[in-house]
Amino acid sequence: MAAAGAAVCPSPTVFLLMVNGQIESAQFPGFDDLYCKYCFVYGYDWVPTAGLEEGISQITSKNRNIQQDLVWNFPIDITFKSTNPFGWPQIVISVYGPDVFGNDVVRGYGAVHVPFTPGSWFTGRHPEFTDPKVIAQGEGREVTRVRSQGFVTVSFNVVTKDMKKLGYDVLPLSTPNPSLTSIT
């Protein structure tokens with residue numbers, strides 16, 4: 001029983017996931033003047049509470065270094081609330097650039113969970129999905145054929161709040177640099 005005059009803190013009913021970072025750079029051999037779009041895909045129990053769910057970067061040209069990186073340094077910042085980790089958010093990235101006629105065409109797609117493990121994938125080909133969120137979903141994937149054309153580097157800083165209070169243990173990643181994730 002609480003002492004008279006003492007405040008009683010109610011148990012949390014949701015936990016928070018705060019994500020910030022950036023879509024740093026890409027390497028797409030044979031392509032130049034590219035830009036990217038991103039969006040988050042998440043389960044039904046997840047609700048964005050702050051930040052942006054989607055965005056589009058500036059066009060960048062190849063760096064003159066040996067690797068010929070395409071550098072965006074495009075910020076991402078979003079906060080979610082949820083009552084369970086099912087449907088953990090994923091970021092979907094689509095990269096576009098001009099074809100020989102100057103039309104913007106897709107150069108690749110990729111998706112990765114807000115970091116579980118570094119080193120995911122980035123795939124793509126010239127036919128374009130009408131909804132790029134389809135790559136983060138399992139339904140219909142058995143007929144989707146893609147090939148890798150490059151990779152994108154995304155860095156994440158992730159903070160969770162009240163997950164343990166709701167019974168979800170958060171274990172640290174066992175990688176040397178858990179905040180750096182490459183989508184290839």
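Here the structure is a predicted model, which is why all the values come from computation and not from measurement.
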> Hey, does I91 have a side-chain heavy atom less than 4.5 Å from the side chain of F156?
Replying inline: yes

> Which pair of heavy atoms, one from S94 and one from Y109, lies closest together, and at what distance?
Replying inline: OG-CD2, 3.4 Å

> Are M18 and I23 co-members of a hydrophobic cluster defined by side-chain heavy atoms under 4.5 Å apart?
Replying inline: no

> Parallel, tilted or perpendicular: which describes the rings of F15 and W88, with under 30° parallel and over 60° perpendicular?
Replying inline: parallel

> Given the rule that I, L, V, M, F, W and Y join up when any side-chain heavy atoms are under 4.5 Å apart, are V19 and Y168 in one cluster?
Replying inline: yes

>> Rounded at 0.5 Å granularity, tell me how far CD in Q22 sits from OG1 in T153.
In response: 10.5 Å

>> For the CG atom of L34 and the CD1 atom of I59, what is their distance to the nearest 0.5 Å?
In response: 9.0 Å

> For I93 and V154, what are the C-alpha separation, side-chain angles and deciding distance, and is it a side chain to side chain contact (heavy atoms under 4.5 Å, CB included)?
Replying inline: CA-CA 10 Å; I93 299 175; V154 181; 3.5 Å; yes

> If you look at every heavy atom in D162 and V14, which pair is closest and at what distance?
Replying inline: CB-O, 3.8 Å

> Shortest non-hydrogen contact from P98 to R107?
Replying inline: O-NH2, 2.9 Å

>> Is there a side-chain contact between V114 and Y42 in this structure, where contact means two heavy atoms from C-beta onward sitting under 4.5 Å apart?
In response: no

> Quick one: OG1 on T160 to CZ on F80, what's the gap to the nearest 0.5 Å?
Replying inline: 14.0 Å

> How many angstroms lie between atom OG1 of T60 and atom CG of D33, to the nearest 0.5 angstrom?
Replying inline: 8.5 Å

> What are the two closest non-hydrogen atoms of Y38 and L52, and how far apart are they?
Replying inline: OH-O, 3.6 Å

> Between Y35 and Y96, what is the ring plane arrangement, given parallel below 30°, perpendicular above 60°, and tilted in between?
Replying inline: parallel

>> Go through it in stages, so that I can follow the logic: the residues are S155 and E24, the test is side chain to side chain donor-acceptor pair (under 3.5 Å), and I'd like the CA-CA distance, side-chain angles, deciding distance and then a yes or no.
In response: CA-CA 7 Å; S155 63; E24 292 181 356; 3.0 Å; yes

> Taking the side chain as C-beta and beyond, is there a heavy-atom pair between L70 and D32 under 4.5 Å?
Replying inline: yes

>> Restricting to non-hydrogen atoms, name the atom on F74 and the atom on I56 that form the minimum distance, rounded to 0.1 Å.
In response: CZ-O, 3.2 Å

>> With heavy-atom distances below 4.5 Å as the criterion, would you say the side chains of P89 and W46 are in contact?
In response: yes

>> In this structure, would M163 and V158 fall into the same cluster of hydrophobic residues linked by side-chain contacts under 4.5 Å?
In response: yes

> Can any side-chain N or O of S57 pair as donor or acceptor with the backbone N or O of C36 at less than 3.5 Å?
Replying inline: yes

>> Tell me whether D69 contacts the main-chain N or O of V71 through its side chain, where contact means a donor paired with an acceptor under 3.5 Å.
In response: no

>> Using 0.5 Å steps for rounding, measure from the CG atom of N20 to the CG atom of N157.
In response: 5.0 Å

>> Quick check: closest heavy atoms across G30 and K62, and the distance to 0.1 Å?
In response: N-NZ, 3.5 Å

